[in-house]
Structure formats: C-alpha cells, structure tokens
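Worksheet: one structure, shown below.
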Amino acid sequence: MTSLRQKMIRELELHRKSPRTVEAYVTAVAQLAGHFGRSPESISLEEVRSFLHYLITQRKLAFSSCNQKLAGIRFFYREVLGQPDFNLRVPAKRSGRLPEPLSRSEVSRLLEAAANSKHRVLMMTAYAAGLRLSELVHLRPEDIQSERMLIHVRQGKGCKDRYTLLSSRLLAELRGYWRAYRPRGWLFVGRDGGSPLPAGTVQKVYYHLKERAGIRHGHGIHSLRHSFATHLLEAGVDLPTIQRLLGHSSLATTAKYLHVTSKHLRGTRSPLDLLRLPGPVDDQQE
C-alpha cells in the first residue's frame with residue numbers, strides 16, 4: 001500500500017466515512033491513476049476532466065456511478081493533497097427512468113426457481129425487507145431481531161442505521177437456512193468463510209434465477225427493492241412509512257413509486273373510453 005493510499009484512507013476514516021465509501025473513493029483514485037499510468041498527485045485538473053469524459057462516453061457510466069467517482073477524486077485532491085480550490089463538477093443529468101418492479105407472481109416464480117435454500121433465502125430477504133444490495137450482503141445474524149420482528153440495517157446509505165420489516169415467513173426460512181449452513185460473522189458468508197458474500201455473486205444469482213423464471217423486464221437485484229416498495233404501496237401502506245423502511249432521506253424519492261403502482265391507475269379511465277364511437281371496423285366487409 002502506497003503512502004498516498006494510506007493517507008487517503010486515514011483522512012476518509014477521520015471524516016467518519018463508511019467502509020463502503022472508503023473502498024469506493026480509494027478505487028476511484030486508483031482507476032484515475034491506472035488510466036494515465038502514473039501517480040494521481042501528478043495528474044492535472046484537465047486530465048481529470050478527460051478521465052470523466054472517458055467514463056461518460058466510453059464506459060457509459062450512469063450519473064450516480066460517475067458522480068461517486070468524482071466525489072472520491074475531489075476528496076483526494078482537497079483533503080489528501082491539500083488543494084481546497086479543486087472544484088471540478090460535472091452537470092447532473094439523471095436518466096429519468098422509472099423503477100421497474102416485478103409483479104407478485106413474478107417474485108413468486110423467481111423464488112421458486114432457486115435450486116438451493118441459500119439462494120432462495122438470499123432473494124427472499126432482499127424482497128421481504130426492501131434491502132439495497134450492500135445492505136443485504138452486510139447483514140449479520142444478530143441483525144435478525146425475531147422478538148421484535150424487525151431487521152436492523154446497519155450503516156446503510158449515508159451511514160444511517162434503520163429498522164425494516166421481518167416477515168414471519170422469512171423468519172421461518174432463515175431458521176432453516178441457519179440450521180443448514182450455520183453462518184458466522186455474516187449472515188451470507190463468502191467462500192472463504194470470513195467475509196460477506198460478494199455483491200457480484202449475488203447479482204449473478206439474481207440474473208440466473210430471473211432467466212430460469214422467464215422474467216424479461218426489470219434490471220438487477222435492486223428490482224426486488226422496487227417491488228417491495230410498490231407492493232406495500234398497493235397494499236395501502238402510506239408513503240412516510242415506506243420512506244422510513246427504505247431509508248430514504250426525502251419523501252420525494254419514495255413518491256416515485258406512485259408512478260408505477262397500478263392501484264392509483266385502476267380507477268382512471270382512458271379518455272378514449274369516454275368517446276361515443278361505433279363498434280370495431282370489420283376489414284373483411286370492405
């Protein structure tokens with residue numbers, strides 16, 4: 001580990017950044033250095049702009065991913081190299097894509113497609129608690145609070161703790177999983193037995209099950225979190241409660257699920273249905 005890397009990690013920890021933020025920021029600076037093949041302290045502001053241009057145009061990174069890398073690079077220049085005037089910004093342009101939740105029947109098919117209990121419980125936990133991928137893989141056995149029927153999510157996005165729902169059905173599945181695997185340290189353990197299951201492995205499991213279930217729409221495992229929120233909203237749960245369960249800072253973020261829930265659209269008729277029109281045209285009579 002280079003002295004610059006050690007110094008950056010120390011500064012990030014002094015700023016009380018979460019371990020996942022530390023890893024993401026250090027990785028961003030390492031990728032910048034690797035792109036130009038030299039130490040990041042010798043890379044100019046204009047070269048950083050070229051690197052970000054490469055990420056946007058060649059790597060096709062989403063705004064959120066690009067913005068996170070920029071935040072890590074900005075931290076490095078300001079806090080590690082002592083350049084407070086480093087003020088590079090990239091104009092935000094979000095995709096505007098709506099969440100693509102799965103239907104209840106699709107979630108059932110996804111879970112039924114699992115060939116072993118570990119994969120089944122993994123997907124079930126993501127859906128039943130509305131967890132982000134990083135939150136899912138960093139769960140510990142003691143976070144499952146069966147007496148209160150809650151799951152303790154530690155250090156989620158923004159370094160915030162919260163509680164979310166523990167389904168009685170999920171609890172029964174987790175107990176069976178515990179008896180079969182006896183995980184220690186982490187609820188879902190990686191192959192080495194001492195670290196959490198890698199996020200990439202979880203994504204691969206999800207895509208595999210999605211293919212086996214014949215589900216063609218939606219994106220990665222985050223679709224299960226979208227499904228959790230959408231299905232709660234359709235069941236009549238109010239937005240502020242869903243906001244707290246998801247760990248959103250803003251109610252506006254949670255309100256996007258109003259656009260995809262069918263409950264709020266079922267009672268609305270298309271204006272076409274209000275027109276007085278003759279029946280369908282029979283082309284064979286022409």
Closest heavy-atom contact between [X] and [Y]?
| X | Y | answer |
| --- | --- | --- |
| Ala114 | Leu209 | CA-CD2, 3.5 Å |
| Met8 | Phe76 | SD-CD1, 3.8 Å |
| Tyr127 | Phe228 | O-CD1, 3.1 Å |
| Pro141 | Pro183 | CG-O, 4.2 Å |
| His231 | Leu102 | NE2-O, 2.8 Å |
| Ile43 | Tyr77 | O-OH, 2.8 Å |

Salt bridge (charged side-chain N to carboxylate O under 4.0 Å, His left out) filter on Arg225, not counting sequence neighbours, yields none
Pairing residues for Arg175 by the salt bridge (charged side-chain N to carboxylate O under 4.0 Å, His left out) criterion, not counting sequence neighbours |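 So Arg175 forms no salt bridge (charged side-chain N to carboxylate O under 4.0 Å, His left out) with any residue.
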Hydrophobic clustering (ILVMFWY, side-chain heavy atoms < 4.5 Å, transitive) - are [Y] and [X] grouped together?
| X | Y | value |
| --- | --- | --- |
| Trp178 | Val121 | no |
| Val189 | Met124 | no |
| Leu171 | Val153 | yes |
| Val237 | Tyr163 | no |

Has [X] got a side-chain atom pairing as donor or acceptor with [Y]'s backbone, closer than 3.5 angstrom?
| X | Y | answer |
| --- | --- | --- |
| Ser18 | Thr21 | yes |
| His15 | Glu11 | yes |
| Arg74 | Leu88 | yes |
| Arg109 | Ala213 | yes |
| His152 | Glu142 | no |
| Lys7 | Val80 | yes |
| Arg140 | Trp186 | no |
| Lys210 | Gly218 | yes |

Close side-chain approach of [X] to [Y], heavy-atom, < 4.5 Å:
| X | Y | result |
| --- | --- | --- |
| Leu14 | Arg10 | yes |
| Ile151 | Leu165 | no |
| Leu12 | Val26 | yes |
| Ser168 | Met149 | yes |
| Lys69 | Leu61 | yes |
| His219 | His226 | no |
| Tyr181 | Leu187 | no |
| Phe51 | Ile73 | yes |

Nearest 0.5 Å, please: how far is [atom2] in [Y] from [atom1] in [X]?
| X | Y | atom1 | atom2 | answer |
| --- | --- | --- | --- | --- |
| Glu234 | Ser103 | CD | OG | 9.5 Å |
| Leu52 | Glu47 | CG | CD | 12.0 Å |
| Arg104 | Ser227 | CZ | OG | 10.0 Å |
| Leu32 | Ser50 | CG | OG | 10.5 Å |
| Arg148 | Ser146 | CZ | OG | 11.5 Å |
| Ile144 | Leu139 | CD1 | CG | 5.5 Å |

Quick one: are the ring centres of Tyr177 and Phe188 less than 6.0 Å apart?
->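 Distance test on ring centres: under 6.0 Å, yes.
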Tyr206 and Leu110: CA distance, side-chain angles, deciding distance, side chain to side chain contact (heavy atoms under 4.5 Å, CB included) verdict = CA-CA 8 Å; Tyr206 173 79; Leu110 183 87; 3.8 Å; yes
Answer yes or no: does atom [atom1] of [X] have more than 12 heavy-atom neighbours from other residues, nucleotides or ligands under 6.0 Å?
| X | atom1 | result |
| --- | --- | --- |
| Arg38 | CZ | yes |
| His53 | NE2 | no |
| Gln203 | CD | yes |
| Gln145 | CD | yes |

Any pair counted as salt bridge (charged side-chain N to carboxylate O under 4.0 Å, His left out), so long as it reaches residues 55-68, sequence neighbours left out |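 Salt bridge (charged side-chain N to carboxylate O under 4.0 Å, His left out) check on residues 55-68 returns no pairs.
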Which of Leu131, Leu150, Leu246 passes side chain to side chain contact (heavy atoms under 4.5 Å, CB included) with Thr164? It is Leu131
Side chains of Arg78 and Asn87: do they bring a donor and an acceptor to under 3.5 Å?
->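 There is such a pair (donor and acceptor under 3.5 Å, judged by atom type) between the side chains of Arg78 and Asn87.
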